[in-house]
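Quick note: numbers below take in every heavy atom, side chains included, and nothing from hydrogens, waters or symmetry partners. All residue numbers in this chain count up from 1 along the given sequence. Both ligands and their constituent atoms are indexed starting at 1 by order of listing.
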Amino acid sequence: MDLKKLLSKMTLEQKLAQLTQVNANCLTVGASEDITGPEQEVSLTKADVASAGSTLNFENAAEGIRVQKEHLELDPNKIPLLFMHDVIHGYKTIYPIPLALGASFDTDTVEECCAMASEEMTVGGVHVTFAPMVDLVRDPRWGRCMETTGEDPYLNCDMARAMVRGFQKSGKVAACVKHFAAYGQSESGLDYSATDMSERTLRDFYLPAYKAAIDEGVEMLMTSFNILNGVPSSGNKWLVKNLLRDEWGYDKIVISDYNAFREMKALGFCETEKECAKLAIDATSDIEMMSPCYLQNIPQLINEGVVSEEQIDEAVMRVLRLKEKLGLFEKPYLYADPKAEEEICLCEKHRDIARRAAEKSAVLLKNDNVLPFNKNAVKRVAVIGPFADRVMLGNWLCHGKESEGISALTGIKGLLKNAEVLYSKGCLEGVNESDCSLVEEAKALAKECDAVIICAGEDYKMSGESMSRAELRLSPAQKTLIREVGKVNKNTAVVLFSGRALVLTDIIDDINALVLAWQPGTEGGNAIANLLFGEVNFGAKLPMTFPRSEGQIPAYYNCYRSSRPYEGPYGCWYIDMPKARLFEFGYGLSYTSFEVSAPELSSLTMNKGESIEVSVNVKNVGKMAGETVVQLYIRDDFASLARPNRELKGYKKIFLNAGEAQRVIFTISEEQLKFWSINNKFEAEEGSFTLWVNENGIVNETDGVKFNLLSKK
Ligand code: NOJ
């Protein structure tokens, strides 16, 4: 297709239509009806909707084919629509939420999950997924922690790359990295609130994962809702034009978030929608999602000579290029196929991938000789709690349905063919539920069973967009349930469902075994059964610090050092609680134990431009085979700017049989030692560094090994 020729035939209105995205529900209400509902909300006319260049959130392949056909009949240039959707952790087969995937520290699994979602959405007629979301998080009050892979830039970069590879490797789907930039640092953990941070923090911690996705070839980028240092991202010329396009060389589509151009008015950044349009186009934002600022104002801005048609042409070309790359001009329905959608979605192979991912991402947080339960010895098992009989899909569940998934209760029943598995709800799901009237019944059941599983935590509807929480504790009713049941049966394990780090301080001592299942998706129940009964071992680690109290937030491991780190008068401490967080980043137990030897370095000095190796011997000294994550942390001891306490600079997920040992080798290069320096560029500074290697995130200062970075030879 000669795109330049096509562009030259298009009127300005037709070009602007390519830059406008409408919600699928605008197209399903019927073109002849009066303007009501979604179009009215965003002031789009029926004609705007009919001519738009892309849509979001279609129901299925058949509906997509119908709409594409109607669109092509009307469109004078026969330019097919791009269908986009939030395929965040699965299309119909839902795998664990991204935060859980972060805990897996397993990029192969993550890539496999995204490839599976990509396959399902392809036959479902979707061309673009609004994923990966790579916003770094340090505040678990924010509901969207569930969509990220956690608090660490190194891990987030790896996960971002794996997700882009998984979604895009078939060449049939485009991924869209979001939300650019630093949306995860919204003040007070409140969604849509402002982000304020130094450029240094932005560059060192928050930006790397977007950049990693771009370097991996992501086809699209979504700007964020938030204000960043005073400027909303949709109209942030420094962020989008200067940094993203000019500095990073990104020349693909930039799409706004939902209605975000227009919301620049509410943010007090623009007085009129015309100004919104001007600032957005000057920032080189391309597609406007669900608002009409471009459509309704660009013609006038061009007439006034303050926006040029070349600016519009550049944006339109980016959209046309993607349409061509995906093959839409040749095959407007592409791979949309209702029959294949029926066959492929939720097939055994995909369920198997989802189950393995859930097994690989669950974290064992505590185990005082309770787990694994003995599958052959238990005769009566109680499965209790508000989420025991629920399929915890996770928010952003796309076309996933609870009715198509496996609850913990069903999974355990399926595994234990010869035991009686009994259920009691224990209490209701509510975030502040205090009615304990169901606890007695649960207690009576627990008394008569030889193993008890309590499924507690937060409902998946309590995390996700706009789901901020001021308090992160379990509900009073859940706490009573856990305490009371634990008193009558010590052989009790708690399975915790959550889309963020929770505050468990006031209940942890009442729990003998604690499994963090996150929001595990369609096959969660089977994974939980396999883990609790030792069919598989735990190997995941926390991608996010669990604070002792909301007062410790932001709680993250790679913070700066304090001049007075001690707890005590004039120390950097809280007078009313220990300083240590409840569970650190990188923490997680296993049914076996691993020993990690002291790190050995190939050299205690390293010249710039060269690399050294650090190796450890890791041995499975327990009785069961299992995986663990060997983690390398490095600290820049002294620099022209204070550097964090320690930073993850490498990790390896390894599997060892009982008694088996493996040499794990990391390569340290100059690249890993770089930071946004006093000279405003990424560079490594000569001098002393300390490193640690462990498999549980716990670092003892005295175990550190030092090396020196020297100038180039
Ligand atoms: C708003 C969300 O912030 C974004 O992540 C999502 O992709 C869009 N809505 C489209 O649903």
Note: ligand 1 atoms sitting under 4.0 Å from heavy atoms of Phe130 are 7 (O)
Would Met84 count as a contact residue for ligand 1, given that I'm defining contact as a non-hydrogen atom of the residue lying under 4.0 Å from a ligand atom? no
Which atoms of ligand 1 have any heavy atom of Leu56 under 4.0 Å away? 10 (C), 11 (O)
Under 3.5 Å, is there a donor-acceptor pair between the side chain of Lys323 and the main chain of Pro80? yes
Can you check whether Asp86 has an N/O within less than 3.5 Å of an N/O in ligand 1? yes
Examine ligand 1 and decide if any of its atoms is less than 4.0 Å from a heavy atom belonging to His179. yes
Mind checking whether Arg144 contacts ligand 1 via backbone (N, CA, C, O), side chain (CB onward), both or neither, at a 4.0 Å heavy-atom cut-off? side chain
Does atom NZ (Lys325) have a neighbourhood of more than 12 heavy atoms from anything else shown, all under 6.0 Å? no
Give the atom numbers and elements of ligand 1 that come within less than 4.0 Å of a heavy atom of Lys178. 4 (C), 5 (O), 6 (C), 7 (O)
By side-chain hydrogen bond (donor to acceptor under 3.5 Å, both in side chains), Asp106 pairs with (sequence neighbours left out) Thr109
Output yes when the distance from some N or O of ligand 1 to some N or O of Glu147 is under 3.5 Å, and no in every other case. no
State which residues pass ring-ring contact (aromatic ring centres under 6.0 Å, His included) with Trp248; sequence neighbours excluded, sorted by chain then number. Phe180
Using heavy atoms and a threshold below 4.0 Å, how should the contact between Met133 and ligand 1 be classified: side chain, backbone, both, or neither? neither
In terms of heavy-atom contacts, does CD of Glu271 have more than 12 from other residues, nucleotides or ligands at under 6.0 Å? no
Whether Asp257 side chain and Ala260 backbone form a donor-acceptor pair below 3.5 Å: no
Is the number of heavy atoms from other residues, nucleotides or ligands within 6.0 Å of NZ (Lys331) greater than 12? yes
Hey, looking at atom 3 (O) of ligand 1, which of Asp191, Asn259, Asp257 has the closest heavy atom? Asp257
